[in-house]
Student: 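Quick one: the structure is below, and I'll ask about it shortly.
Here the structure is a predicted model, which means the values were calculated and not measured. Labels below follow one simple rule: chain letters A, B, ... track the order of the sequence lines, proteins then strands, and each chain is numbered from 1.
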Amino acid sequence: MSGYWTGILTILAINIIMAYAIFLPVATGQLNLGGAGFQALGAYTAAYLSANYGLTVWTTIPASILVGGAVGVAIALPLLRTKGVYLVLATFALAEVIGGAILNTEALGGAMGMSVPDYVDYPVPMWSALIVTLLCFYLMTTRFGLAMRAAHDDDVVTDLLGVSVRGVRVSAFAIGAALAGLAGALYAHSYSFVESQSFNATLSIYVLLYVLLGGTQTPLGPLVGAVFFTLLPEVLRSVLPEFKGWIATAFGESGSISPPDESWRFVILGVLTVLMMMFRPEGLITRTMVARVHSRFARRRRLVREVTA
Amino acid sequence: MLLLQQLSNGVMLGSVYVTVAVAFTLTIGVLNFLNFTIPTLFMLSGMAAWALTKWGLPFGLSAPLPWPVALLIAIVVTIAASLLVERFTFRYMKTKYGDATEHAIPLVSSLGFLLITENMIRIGYGTDPQRMAAVSWDTTIDLGGILLRVPQLTSLVVAFVIVAGLNWVLKQSRVGRGLRAIAENPDAANILGVDSKRLVPVIFMLTGLLCGLAGILFALNYGEVSPGMGEEIGSKAIAGMVIGGLGSIWGAVLGGLLIGIAEMLTIHFFGADTVQVVVWGLLLLALFVRPQGLLGHHSIGKGKL
C-alpha cells in the first residue's frame, strides 16, 4: 500500500478512537469540548516514556491509557457537578490548561515539541480502532450502556430508579478520557513527533462535531461521522483548488496569497453542521433509523426462512 | 511604577475583553445560549476594517476607504452577520422544535458558523497577521510617569459608555423590560404580551454591535488583525464572563477587567507563555469553587439580568 493511503488509514483510526472517546460522555448527556486535552495527555505520556526511558509501544500505550483514565476520573469527580453550558466551558478550559501546561514544561520540550523514537506502522492504529469500536458496541448493549442511555434521556427518573447517575457519568467520562489517551499515544508513535500546538481548540471542536453529526444515540454514529469527515477532504482534493481560486478573486486582489487547503475541510464541516442542526439535530444515524433497517432485514430473513422451509 | 504601568495596561486590555464578555453574557443571560460565533464576529469586524482600509469594497467597487468609513461599514457587516446567525441558529430551532430545544443544538450550530467564517477568511486572506495602518491620533499621554496610549484610553471609555448604555436600556426601556421578561421566563413573557420573535433579533443586533466595536478597537489599538484573533480574545472573554458570573453584565465587566489585569501581571512576573495556563486555570478554579461566578446568580436560564 502506498504511503498516502497508509497515512489516511492512520488518521482514520485515530479519529475513530477519538470519536468514541467523546461519544461515551455525550451518550450520558454531557458535551465534552476538551478532547484535545486528553489526547495531548496520552501523546505526551507516550512520548516522554519512549524518549526518556526507551520503553516500547507495548508499555507506553497502556501507560497512556492509564494516565488518560486516571486524569479523567480525577477531573470528572469535581467537574461533573456542573451541567450544561458550565460543563462545556469547564472541559474547554481544562483542555486549554493542559495545552498551556505542556507548552511551559521544559521536560516536555515546551513549544519545540518532542520526537518519539518508537514508531508504529498503520496496522497497530487500525487494529486498535477495530477493538475500540467493538468494545463500544458491546458496552452499549450491557446494563451499563442502558444506564448511560437512561442518564442521557432523563437523569432525575434514572436516579429515582436506583441507578447512580453520577457514577455512570463519571465512569463514561473516564473511559472516554482513557480512549483519548490511547488515541494520543497512537498519534505520538505514528507521527514520531508531538507538539502541543497540534492539540488545539479546533481539534476538540472538530471531534465533538463529527460525533454529534454522526449521531449520539447509537454507537454506529461516531463511526460514520469519523469515517465520513476523514475521507471527505480526500475525495474532494481535486475539486477544491478550482473553487479556491474563485473565492480568492471574489474577495479582492489576493491572488498572491496562497490559502491553506486545510481550511476547506473546516468550511465544509461547518456548513454541514449548520444544515444538520437545522434538519436533523439528533444526528445522521438515529435509534429509530437503526431499528427500521434492522426490522426490514429481519423480515427478509423471516421470509427467506419461510420460503425455504 | 512599572507595576502600576502594567496594571493600567491590564485595564486597557481588559476593556476589549469587557466588550466581548458583555456580548457573551447578554446572549447567555436572556436566551440561555452560549453563542460561539461571538469570537468570529469580533474577528470579522477587525478583518473587514483592515480589508476596507487596504483595498476598499470587494469586487473593486471603490478605492481604499478612510478608517471612519471603514469602521462604520465593518460594524454594519458584523451586525448583518450576527442577524444571519440568528436566522439560522436560534430562530430556526425555536420555531421548529419549540422550547424542547436543548441549549446544545444552537450551541453546536454556532460552532459550525465559527468554523465557516473563520476558515472562509483564512482562505480569502491567508493565515498570517496583517498590519493595520496606524491612525493619526495614535499618541501617548504621560500621566505622572504612567504612559497611556490614546486609542487604548478611547477603547476603555467606549467600553464603559456602551456597557452603561446597555444597562440603562435593559433597566429602563420597554425593549429592555421585554428582554428581562424573556430571561426570567420565556413562556410567561409570551403570555403577557412580550413579542419574543421581534425581541430576540435585538439581542443579536446588540451582540453584533458590541463585537464590531470591540474588533475595531482591538485593530486600532494593536495595529494588527489575523483570522485567529477571535479565538484568542473570545476565549479570554469567556473566562472573564464565567469568573464574573454568567448572565450578569457588571459581572462580565468585572471579570473582563480581572482577566486583563491577570494577563498583564502574569506577563510581568512569569512571561507571556504562562498566560494561557493562568487565565484558564482561573476559569477552572472559578467553576470548581464558585460556579455562579462573582456577581452571578445560582440558577442559569432563570432570572439573570
Student: So, applying side-chain contact (heavy atoms from CB on, under 4.5 Å) with B:Val108, which one of A:Ile205, A:Val274, A:Leu209 is it?
Tutor: A:Leu209
Student: Identify the two heavy atoms, one from B:Gln276 and one from A:Gly100, that lie closest to each other, and give their separation to 0.1 Å.
Tutor: OE1-CA, 3.4 Å
Student: Please classify the contact between B:Glu231 and chain A as side chain, backbone, both or neither, with a heavy-atom cut-off of under 4.5 Å.
Tutor: side chain
Student: Identify the two heavy atoms, one from B:Leu283 and one from A:Leu89, that lie closest to each other, and give their separation to 0.1 Å.
Tutor: CD2-O, 4.5 Å
Student: Any chance you could measure B:Leu111, atom CG, to A:Leu212, atom CG, to the nearest 0.5 Å?
Tutor: 9.0 Å
Student: Going by side-chain contact (heavy atoms from CB on, under 4.5 Å), A:Val267 matches just one of B:Arg122, B:Glu118, B:Met120. Which one?
Tutor: B:Met120
Student: Sort out for me which of A:Thr273, A:Leu272, A:Leu208, A:Leu275 touches chain B most, counting heavy-atom pairs under 4.5 Å.
Tutor: A:Thr273
Student: Can you tell me which portion of A:Leu103 sits under 4.5 Å from chain B's heavy atoms? Options are side chain, backbone, both or neither.
Tutor: side chain
Student: Under a 4.5 Å cutoff for heavy-atom pairs, which residue among B:Gly112, B:Ser110, B:Ala239, B:Ser235 has the most contacts with chain A?
Tutor: B:Gly112
Student: Hey, which of A:Ala101, A:Gly270, A:Gly99 has the most heavy atom pairs under 4.5 Å with chain B?
Tutor: A:Gly270
Student: Name the member of A:Val271, A:Ile98, A:Leu213 that forms the most heavy-atom pairs with chain B at distances under 4.5 Å.
Tutor: A:Val271
Student: Given heavy-atom pairs under 4.5 angstrom as the criterion, report whether the side chain, backbone, both or neither of A:Leu33 touches chain B.
Tutor: side chain
Student: What is the minimum heavy-atom distance between A:Phe266 and B:Leu115, and which atoms define it?
Tutor: O-CB, 3.7 Å
Student: With a 4.5 angstrom heavy-atom cut-off, is it the side chain or the backbone of B:Phe36 that approaches chain A, or both, or neither?
Tutor: side chain
Student: Measure the spacing between CG of B:Asn119 and CD1 of A:Ile268 and express it to the nearest 0.5 Å.
Tutor: 10.5 Å
Student: Give the minimum heavy-atom separation between B:Leu284 and A:Ala90, together with the two atoms involved.
Tutor: CD1-O, 3.4 Å
